Amino acid sequence: MTVPQTHQRIQGTIAGPLDLNSAVAGAPVSATLRMNEAVAARRAARQRTIHLGFGEAPFPLPIPLREELARAATRTEYAPVLGLPGLRAAIAAYLARTHGLATSPATTIVGPGSKAVLYALMRALAGDVLLPTPSWVSYAPQARLAGKRVFPVDTDPADHHRMTRASLETAMQAAHETGGDPRLLVVNTPSNPTGGMFAADDAEEIAIWARGEGVTILSDEVYAELAHGWRAHVSPARFYSERTIVTGGMSKAFSAGGWRLGYAALPVTAAGEDLVAAVRSLAGEIWSSAATPIQQAAIVAFTFDDAMERFVRRSARIHAHAAARLRSALVAAGVRCPQPAGAFYLYPDFVPWRDQLAARGVTTSADLANHLLDEWDIATLPASDFGEAPDALRLRLATSMLYAPADAAPADQETILNRLLEQADDLPADGASGTTQLALPALDEAAAQLAAFVAAQGTSSSAT
Ligand code: PLP
């Protein structure tokens, strides 16, 4: 018998092609995870790599969380699908106290990471999705996997990628003209990739617009605790509590991405409770529950005593300091880069060097990211991964992997990061560059290498 080319013989049996669901066949791996793996491979091959490509909060886990996790190690039972009651209550109280949100334990739900919770919500809610451009890599793929059409809401790079009422109206009109039915607006404040954050007025205006249109807001606030201090974090839920869902988790504020613990605060209404029931049935068929020991330890995090508050505040100050420092270097090199208000990202614009870059065969942001990695050892993510047009020559830079030298042993990394946390109280509370300069050699190396790259392009044109 002839074995078809696509088939292989494995231990005497014939393995045919596995028929993939068309929703996932050929779908790429998440851009951020792909870049992190590429960097790991380069480093394993001892290739110098300046890692601005992956956003992970790196600080050593606070001791009370380690101790509680150790105590909870024997908790091998499944937790309730939507989370331990004590954790749901702790998160609801935490969000009410620190974010000023109207919450209740019954409408606060827990899952294995806010990414999974976001996907369950997209599956549970009807209608198409309005999504600002640029926005986090996973929203559009998640919406499409949930069978939704995605309609972009344009933002202006010269206006810090702010989302405006006019841009929302334009997007809504375009959706209706092509038969779309957007009933969900996904927002992210602070934003990955830009670090931008809603001003209170903007949050209110967007909320009022959404109420007028009957659109539900899915507000991803996983970076809320990492505001840099010069602008208060304001959720659209403050103005539109009846139809705004807020998501967050432990990954960014508590530097515990691998714990996979996320939550959503749903409206405290009968409709919110219906949505809780829908997510419960979805989650029960998919993940059953987040890991019980992790949930038990998370109660300590969200009880948010002085030690937790100090840890989060100090981490936020270091993220603010590092982002401001790299941005200053870029601006000094002549690069336009919006001032971030939160998280650990920068979103510089290399459009003014379009001609010079084109002469090197670089015409898209993906080309630019490849060029920087191949020729300058700098890992970044291209704007196209965040939904921008291919020729938008912008990059997302993540600063959080550059706080300790990559070649330091894990124990040394921990010592270095703990020392930074101890020094963080000396940093200005508003994220401004003060007299305190932390020792961040890897960040300084990144700044110097980016400045060298910019200098090598020659004079920019002012055209955008
Ligand atoms: N939302 C945004 C904007 C993110 O950047 C990330 C992680 O990078 C997530 C959600 C996912 O977070 P979690 O670890 O809670 O799944």
Side-chain angles (χ1 to χ4, degrees), residues 29-37 51-59 61 83 87 91 94-95 108-122 129 131-143 145 161 163 185-198 217-227 233 235-236 245-265 279 283 286-287 290-291 294-295 297-298 301-302 312 315 319 323 340-347 380-381 385-387 396-401:
V29 175
S30 162
T32 45
L33 300 177
R34 191 184 66 230
M35 175 52 78
N36 204 35
E37 284 163 18
H51 196 356
L52 290 162
F54 192 63
E56 180 169 340
F59 294 109
L61 196 67
L87 178 57
I91 294 172
Y94 166 80
L95 290 174
T108 302
I109 64 174
V110 169
S114 64
K115 191 188 254 190
V117 173
L118 279 162
Y119 180 58
L121 288 162
M122 291 227 205
V129 169
L131 192 59
T133 307
S135 59
W136 180 48
V137 293
S138 290
Y139 302 131
Q142 285 198 345
L145 286 172
H161 294 280
M163 193 167 50
L185 167 64
V186 178
V187 299
N188 177 215
T189 182
S191 152
N192 176 5
T194 68
M197 227 161 91
F198 285 146
I217 298 182
L218 194 46
S219 186
D220 176 352
E221 301 180 15
V222 75
Y223 295 97
E225 289 82 356
L226 304 187
H233 175 262
S235 170
I245 299 161
V246 173
T247 61
M250 290 196 67
S251 306
K252 316 300 174 185
F254 296 99
S255 287
W259 276 27
R260 309 311 302 128
L261 197 290
Y263 61 78
V279 174
I286 304 174
W287 66 70
I294 297 289
Q295 292 199 52
F302 289 105
V312 172
S315 333
H319 295 310
F344 31 70
Y345 303 114
L346 296 172
Y347 201 60
T380 61
L381 280 184
D385 281 343
F386 299 88
R396 191 207 67 177
L397 312 182
T399 47
S400 61
M401 302 302 269

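Source: prediction; values computed, not measured. Atoms within a ligand are numbered from 1 in the order they appear, just like the ligands themselves.
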Does ligand 1 have any N/O atom under 3.5 Å from a protein N/O, and what are those pairs and their distances?
unit_1, atom_1, unit_2, atom_2, d
ligand 1, 1 (N), D220, OD2, 2.5
ligand 1, 5 (O), W136, NE1, 3.4
ligand 1, 5 (O), N192, ND2, 2.8
ligand 1, 5 (O), Y223, OH, 2.7
ligand 1, 8 (O), K252, NZ, 2.9
ligand 1, 12 (O), S114, OG, 3.2
ligand 1, 14 (O), S251, OG, 2.5
ligand 1, 14 (O), R260, NH1, 2.7
ligand 1, 15 (O), S114, N, 2.8
ligand 1, 15 (O), S114, OG, 2.7
ligand 1, 15 (O), S251, OG, 3.4
ligand 1, 16 (O), S114, N, 3.2
ligand 1, 16 (O), K115, N, 2.9
ligand 1, 16 (O), R260, NH2, 2.8

Hey, does the side chain of [X] reach the backbone of [Y] with a donor-acceptor pair shorter than 3.5 angstrom?
| X | Y | answer |
| --- | --- | --- |
| T189 | F198 | yes |
| Q142 | K115 | yes |
| S400 | E56 | yes |

Next on the checklist: Ring-plane angle category for H319 and F344, please: parallel below 30°, perpendicular beyond 60°, tilted otherwise.
Outcome noted: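 Because their plane-to-plane angle lies in the 30° to 60° range, the rings of H319 and F344 count as tilted.
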Checklist entry - Do you know the tightest heavy-atom contact between T133 and G387? => result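 That would be CG2-O, 3.4 Å.
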Item to check | Sub-4.5 Å side-chain heavy-atom contact between W136 and V222 | outcome: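 No, their side chains stay 4.5 Å or more apart.
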